Undergrad: 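The structure that follows is given in the form of structure tokens.
Only a predicted model underlies this, so the values are computations on that prediction, with no experimental measurement involved.
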Amino acid sequence: MKQKATQPTTEEIHNFRKKILVWYKKNKRDLPWRSAADPYAILISEFMLQQTQVSRVVSYYQRFLKKFPTVHHLARGNRKTVLALWSGLGYNNRALRLHESAKIICKQCDGKVPDSYEELCALPGIGDYMASAVLSFAYNISVSVIDINIRRVLIHEFGLPAEIQLPELKALAGKLIPKSKSAIWHNALMDYGAALHIEIKKKIPPATKQSKFKGSDRELRGEILRRLLKNSQLKVSDLEQEFPADKVARVIESMVKDKVVKKTSEFIKI
């Protein structure tokens, strides 16, 4: 039988909040999206931060927002330009889903990023975590946001079992959010978790392990996209001469499925 998390007392909650917020006041990271007033800018950051280190996102975020300063600019944007600005960040289907979401927001929501969980989850590429993050960071709504750092902090600080399930962890996390401080609180937890990452990681492994990039399908996928951004199309047989044919076929199939590329009998193109 799995061990259940012990519920913290009112005093423990108070002390934990104080500890985290005092630490955050002295150590918070200066990240550009944290000063953004427009929920659209928060939406961009959340799409970019999926499975990507914060340090890599900053420059991409700034370039992307400079080119597409509003959701309307992005909705009208050229698909190839969107992919070009995203190239190198990885998981390029995120860029296309963000682009499609912007179109839907402009068409169905009068250009306003939704402030309800259900409406956010109805947008392409947005699931439970991102919907919760947008609600918290863009609208300061008290909803639990559990990323890898927050998970580690809660397990570490409250002595929870490492195998604790997400619903139970979210229920606990929801009780810890200070009133009217959801955005600040979750930023504080994320920074605290990032600062203690090495120490905590030794005791609490992540829920999932990231696969190696070198020699992976993701690496080939990125290379194909970079070449397509320079050329109008690529010949499949040329790729098969340079890379294993089965890998080329698999990667192209996934890119077609994600609508990153289009394929004819001989060529692929954006």
Side-chain angles (χ1 to χ4, degrees), residues 33 43-69 71 73-106 121-130 147-148 206-270:
W33 46 86
L43 186 68
I44 291 175
S45 70
E46 289 303 326
F47 265 92
M48 289 187 168
L49 286 164
Q50 290 181 78
Q51 297 177 283
T52 308
Q53 292 180 340
V54 172
S55 58
R56 292 189 61 218
V57 169
V58 174
S59 60
Y60 281 90
Y61 169 84
Q62 292 170 327
R63 286 195 296 269
F64 200 91
L65 202 54
K66 184 176 181 180
K67 180 66 178 179
F68 302 117
V71 68
H73 285 89
L74 178 56
R76 296 192 298 264
N78 178 273
R79 185 172 182 272
K80 189 172 183 178
T81 301
V82 171
L83 285 170
L85 285 169
W86 202 279
S87 180
L89 193 58
Y91 301 99
N92 297 287
N93 55 329
R94 291 180 299 171
L96 298 179
R97 289 169 181 168
L98 172 59
H99 193 201
E100 187 60 31
S101 291
K103 294 177 182 178
I104 294 172
I105 289 169
C106 289
C121 285
L123 294 172
I126 297 185
D128 173 74
Y129 170 79
M130 195 189 299
D147 75 341
I148 189 170
T208 58
K209 293 184 178 181
Q210 189 171 8
S211 57
K212 293 181 179 179
F213 179 73
K214 188 65 178 177
S216 67
D217 286 5
R218 287 194 297 122
E219 183 183 38
L220 178 56
R221 184 181 172 114
E223 177 61 25
I224 289 174
L225 181 59
R226 279 190 290 274
R227 295 185 186 189
L228 281 171
L229 290 171
K230 294 180 180 179
N231 304 282
S232 58
Q233 60 184 17
L234 293 175
K235 199 169 185 178
V236 175
S237 60
D238 289 342
L239 290 170
E240 291 174 337
Q241 289 181 10
E242 190 174 351
F243 305 100
D246 59 335
K247 179 180 284 192
V248 170
R250 185 170 62 246
V251 169
I252 290 177
E253 181 181 358
S254 72
M255 294 178 81
V256 170
K257 183 179 179 180
D258 288 337
K259 300 181 180 179
V260 176
V261 302
K262 297 177 182 179
K263 183 179 181 296
T264 63
S265 57
E266 295 184 47
F267 297 92
I268 55 172
K269 60 183 180 180
I270 293 179

Undergrad: Measuring from atom CG of L228 to atom CD of Q233, what distance do you get when rounded to the nearest 0.5 angstrom?
TA: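 One finds 9.0 Å between CG of L228 and CD of Q233.
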Undergrad: So do R227 and L239 actually touch side chain to side chain, heavy atoms under 4.5 Å?
TA: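 Yes - at least one pair of side-chain heavy atoms lies under 4.5 Å apart.
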Undergrad: Using side-chain heavy atoms (C-beta onward) and a distance below 4.5 Å, is I268 in contact with M255?
TA: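 They are not in side-chain contact.
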Undergrad: Take V236 and E266, measure what side chain to side chain contact (heavy atoms under 4.5 Å, CB included) needs, and give me the verdict at the end.
TA: CA-CA 6 Å; V236 175; E266 295 184 47; over 6 Å; no
Undergrad: Which heavy atom of A75 sits nearest a heavy atom of H99, and at what distance?
TA: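 Nearest pair, atom of A75 first, then H99: O-NE2, 3.9 Å.
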Undergrad: Report yes if the side chains of M48 and T52 come closer than 4.5 Å at any heavy-atom pair, otherwise no.
TA: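 M48 vs T52: side chains apart.
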Undergrad: Working note: C106 + V71, criterion side chain to side chain contact (heavy atoms under 4.5 Å, CB included); need CA distance, chi angles, decisive distance, verdict.
TA: CA-CA 7 Å; C106 289; V71 68; 3.9 Å; yes
Undergrad: For C121 and D128, which heavy atoms make the closest approach, and how far apart are they?
TA: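 Scanning both residues, the minimum pair turns out to be SG-N, 4.4 Å.
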Undergrad: Quick one: does any side-chain atom of Y60 pair with a main-chain N or O of S87 as donor and acceptor, under 3.5 Å?
TA: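 The answer is yes, because a donor-acceptor pair under 3.5 Å joins these two groups.
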Undergrad: Sub-3.5 Å donor-acceptor pair from the side chain of R97 to the main-chain atoms of L123, do we have one?
TA: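 Checking the backbone N and O of L123 against the side chain of R97, no donor-acceptor pair under 3.5 Å is found.
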Undergrad: Would you call W33 and V54 a side-chain contact if the rule is heavy atoms closer than 4.5 Å?
TA: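 Heavy-atom side-chain distance check passes, below 4.5 Å.
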Undergrad: Closest approach of P124 and F47, non-hydrogen atoms and distance?
TA: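 In this case the closest contact between P124 and F47 is O-CZ, 3.5 Å.
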Undergrad: Could you tell me if the side chain of L43 sits less than 4.5 Å from the side chain of I105, heavy atoms only?
TA: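 SC-SC contact between I105 and L43 confirmed.
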Undergrad: Find the distance between NZ (K247) and CD (E219) and round it off to the nearest 0.5 Å.
TA: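 Going from the NZ atom of K247 to the CD atom of E219 covers 7.5 Å.
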Undergrad: Hey, are R221 and D258 close enough for a salt bridge, meaning a charged N less than 4.0 Å from a carboxylate O?
TA: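 Looking at D258 together with R221, the answer is yes, because their closest N to O distance falls below 4.0 Å.
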Undergrad: Of all heavy-atom pairs between K67 and T81, which one has the smallest distance, and what is that distance?
TA: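 Looking at all heavy atoms of both residues, the shortest contact is CE-CG2, 3.9 Å.
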Undergrad: Does some side-chain heavy atom of L98 sit less than 4.5 Å from a side-chain heavy atom of W86?
TA: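 Yes; the side chains approach each other to less than 4.5 Å.
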Undergrad: Flag the pair R76 / F68 as yes when at least one side-chain heavy-atom distance between them is below 4.5 Å, and no otherwise.
TA: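 The answer is no, as the side chains (C-beta and beyond) never meet within the 4.5 Å cut-off.
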Undergrad: Calculate, to the nearest 0.5 Å, the distance between atoms CZ and CG belonging to F267 and N231 respectively.
TA: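 One gets 11.5 Å once the value is rounded to the nearest 0.5 Å.
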Undergrad: Flag yes if more than 12 heavy atoms outside K263 fall under 6.0 Å of its NZ atom; otherwise flag no.
TA: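 Counting neighbours around NZ of K263, more than 12 heavy atoms of other residues, nucleotides or ligands fall under 6.0 Å, so yes.
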Undergrad: How long is the span from the CG atom in L85 to the CG atom in L65, to the nearest 0.5 Å?
TA: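 Output value for this atom pair is 11.0 Å.
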Undergrad: Within a radius of less than 6.0 Å around NZ of K80, do more than 12 heavy atoms belonging to other residues, nucleotides or ligands occur?
TA: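 Check passes, neighbour count above 12.
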Undergrad: Pair R63, K66 - check side chain to side chain contact (heavy atoms under 4.5 Å, CB included), show working.
TA: CA-CA 5 Å; R63 286 195 296 269; K66 184 176 181 180; 5.7 Å; no
Undergrad: Should we say atom CD of E223 is surrounded by more than 12 heavy atoms from elsewhere, each under 6.0 Å from it?
TA: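 Count over threshold, so yes.
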Undergrad: Looking at R94 and Q50, would you say the former's side chain and the latter's main chain have a donor-acceptor pair under 3.5 Å?
TA: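 Yes, R94 side chain to Q50 backbone: donor-acceptor pair under 3.5 Å.
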Undergrad: Any chance you could measure M130, atom CE, to S45, atom OG, to the nearest 0.5 Å?
TA: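 These two atoms lie 9.0 Å from each other.
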Undergrad: Rounded to the nearest 0.5 Å, what separates atom CG in L83 from atom CG in N93?
TA: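 Between L83 CG and N93 CG, I get 10.0 Å after rounding to 0.5 Å.
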Undergrad: Side-chain contact test, heavy atoms from C-beta onward, threshold under 4.5 Å: evaluate it for V261 versus L225 and give yes or no.
TA: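 Not touching, per the 4.5 Å side-chain cut-off.
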